[in-house]
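Here is the structure we will look at, set down as structure tokens.
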Amino acid sequence: MNMGAEAASTLRMWTYYPELLSKPVPRYTSYPTAAEFGDTIGSADLEAALSQAHADVSLYVHIPFCETICWYCGCNTNRNNRAERLASYLDALHAEIALVGDLLPRSARVRRIAFGGGSPNAVTPVDFVRLMLSLTQAFCVEDPVISIEIDPRSMTTTWAETLASVGVRQASLGVQTFDAGVQAAIGRVQPLHLIESCTRMLQQAGASSINFDLMYGLPGQTLEMLQSTLERTVELSANRIALFGYAHVPHLITRQRRIDASALPNQEARFAMAAHGHDVLQGAGYTPVGFDHFALPGDPLAQATLSGRLARNFQGFTDDDAPILIGLGASAISSFTGLLAQNEKNTGRYQMMLSQGRLPATRGVARSDLDQARGQIIQDLLCRGSAVIAPALLREVQQSLAPFARRRLIEVDEGRLTLTPSALPYARVIAAVFDAYRAESARRFSAAV
Ligand code: SF4
């Protein structure tokens, strides 16, 4: 496939305004964001929210273990180097599943189950099947969409058979880049043939939607290297692609200190890569989903985008519109209309709380009506590119919106704010205008591109 023509048009579509990207902003996988979580929220708040959860529910199960730890990784995960450590964690996870299942009203139906981490395939296939059994015994599970994050380096035929037998239809692979030099620079070496065989195994196992996580802005990465990675991805027929900008925040994520900061592309190069990726994938037939996801037409994520049902949760852009998300496992976050509650991050303390029969929520935030209204605006802008704003709020943010209006990145008409097509790389910055908490430290967040 010749992707050069699409590449040439890239920067005509998106104009680089460095002054608009100077402030780091959250990714807004929730509002308020995790930066607003405090320790006033705990087990009792989660218990109260669970006991009133009568709607459709999605479950997220966190496995915080990996075979090896990648240097760039910001996830809550540990090296899977001791069998007994993993076994104690799984015992606690089973205990949490039973505890939450007891509290949840029988009218709450589980329609989705997502396994993430870490690497869920760091556990054995037998342990995975046991977890599925626990979930189906504890909850009213109704024909669920089951998805899993997979580390291609630990994928086996037994795993593929297990996923097929359980009915997993959606899988996400951590790929990041196919360039061997960049792989070495980020501590994640996985040759092309490994990704190819993993993809084939998943397809043969019946996975109808396979996502590739890719990254730009990596050390030593050039536009040509990114293009080559995108071409391989298209050739392998990934149904979905998440193209993230690497966030280098070694003051927060100490494992990133191993990455050579002097080899990182500057902001202008990152912008060019994001724009290039967008054009190349669109040119290859993918539907842009939000500001950094892409899906083939026919994939549920593309359909949700086109029908205006796209949502955003802790896993990124999603077609999951369940009003309640219950996170299970250390550091997992549960989301209810009026509450965000995060489980204890430390696996030892998480296990201790469960051994005492306590729900392991230790942090979070109550969502006020105002939070919910602002959260809806942010979600509408990021998922649908448009939001209705109350006149008083519009007046309040008029000055902050002026730089975007001047550059024709937004239009306001009869109380509706709409992002123009060239505003995509600025979507998070525009959404941040409606974030009442953002006067605080910017060091916690990543660059908008
Ligand atoms: S495999 Fe995934 S979760 Fe595990 S360390 Fe690497 S990037 Fe992080």
Side-chain angles (χ1 to χ4, degrees), residues 27 29 34 60-82 85-86 89-90 93 114-125 127-128 131 147-156 159 163 170-180 182-192 194-195 197-199 201-202 210-219 221 229 233 238 240-250 252-259 264 292-293 314-316 327-333 342-343 345-347 350 446:
R27 299 191 58 78
T29 52
Y60 169 77
V61 184
H62 190 72
I63 309 287
F65 295 97
C66 295
E67 287 301 317
T68 52
I69 301 296
C70 314
W71 303 345
Y72 60 87
C73 177
C75 299
N76 178 39
T77 191
N78 308 280
R79 191 142 173 255
N80 178 23
N81 54 359
R82 290 213 332 261
R85 196 161 155 220
L86 186 56
Y89 180 77
L90 289 174
L93 190 51
F115 291 88
S119 306
N121 60 325
V123 307
T124 66
D127 283 333
F128 178 72
L131 276 177
S147 61
I148 188 167
E149 291 171 14
I150 292 281
D151 182 346
R153 297 168 296 179
S154 342
M155 186 61 178
T156 61
W159 256 107
L163 297 178
Q170 298 185 356
S172 180
L173 305 188
V175 175
Q176 320 312 347
T177 173
F178 283 110
D179 186 89
V182 180
Q183 287 186 359
I186 59 171
R188 182 171 189 148
V189 175
Q190 44 184 25
L192 173 63
L194 200 128
I195 309 290
S197 72
C198 180
T199 306
M201 278 193 258
L202 287 167
I210 299 176
N211 174 75
F212 279 20
D213 276 350
L214 303 179
M215 275 190 178
Y216 65 85
L218 293 171
Q221 192 181 30
T229 288
T233 300
R240 300 180 184 183
I241 297 160
L243 180 59
F244 300 119
Y246 166 59
H248 190 62
V249 282
L252 298 176
I253 303 167
T254 49
R255 57 177 78 119
Q256 291 185 346
R257 289 185 190 151
R258 299 184 72 175
I259 289 183
L264 293 171
D292 57 6
H293 285 44
F314 301 107
Q315 291 153 277
L328 301 160
S331 78
I333 302 174
Q342 182 169 31
N343 280 353
K345 289 184 189 176
N346 178 282
T347 50
Y350 164 82
S446 58

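We count ligands from 1, going down the list as the structure has it; atoms in each ligand are counted the same way.
- Checked against a 6.0 Å centroid threshold, the rings of Tyr216 and Tyr246 do not count as neighbours.
- Without hydrogens or angle criteria, Gln190 side chain to Val175 main chain gives a donor-acceptor distance under 3.5 Å.
- For ligand 1 and Tyr72, the ligand atoms under 4.0 Å from any heavy atom of the residue are 7 (S).
- Using modelled atom types, one finds no donor on one side chain facing an acceptor on the other under 3.5 Å when comparing Tyr72 with Arg255.
- If you number the atoms of ligand 1 from 1 as listed, the ones under 4.0 Å from a heavy atom of Ser119 come out as 1 (S), 4 (Fe).
- Interface of Asp151 with ligand 1, defined as ligand atoms under 4.0 Å from a residue heavy atom, comprises 1 (S).
- Close approach to Ile69 involves these atoms of ligand 1, each under 4.0 Å from a residue heavy atom: 5 (S).
- The pair Asp151-Arg188 counts as a salt bridge, with a side-chain nitrogen and a carboxylate oxygen less than 4.0 angstrom apart.
- Heavy-atom proximity to Cys70, at under 4.0 Å, picks out these atoms of ligand 1: 1 (S), 5 (S), 6 (Fe), 7 (S).
- Residues Phe65 and Arg82 fail the side-chain proximity criterion, which asks for heavy atoms closer than 4.5 Å.
- Residue Cys73 does not count as close to atom 6 (Fe) of ligand 1, with no N, O or S atom under 2.8 Å.
- Every atom of ligand 1 with a heavy atom of Arg153 under 4.0 Å away is listed here by number and element: 1 (S).
- Looking at heavy atoms from C-beta onward, Leu202 lies in side-chain contact with Met155 at the 4.5 angstrom threshold.
- Close contacts between ligand 1 and Gly118 involve ligand atoms 3 (S) [criterion: under 4.0 Å to a heavy atom].
- Side-chain polar atoms of Arg153 and Thr68 form a donor-acceptor pair below 3.5 angstrom.
- Using a 4.0 Å cut-off to heavy atoms of Arg188, the atoms of ligand 1 that qualify are 1 (S), 2 (Fe), 6 (Fe), 7 (S).
- Coordination check, Cys66 versus atom 8 (Fe) of ligand 1: failed, since every N/O/S atom of the residue sits at 2.8 Å or beyond.
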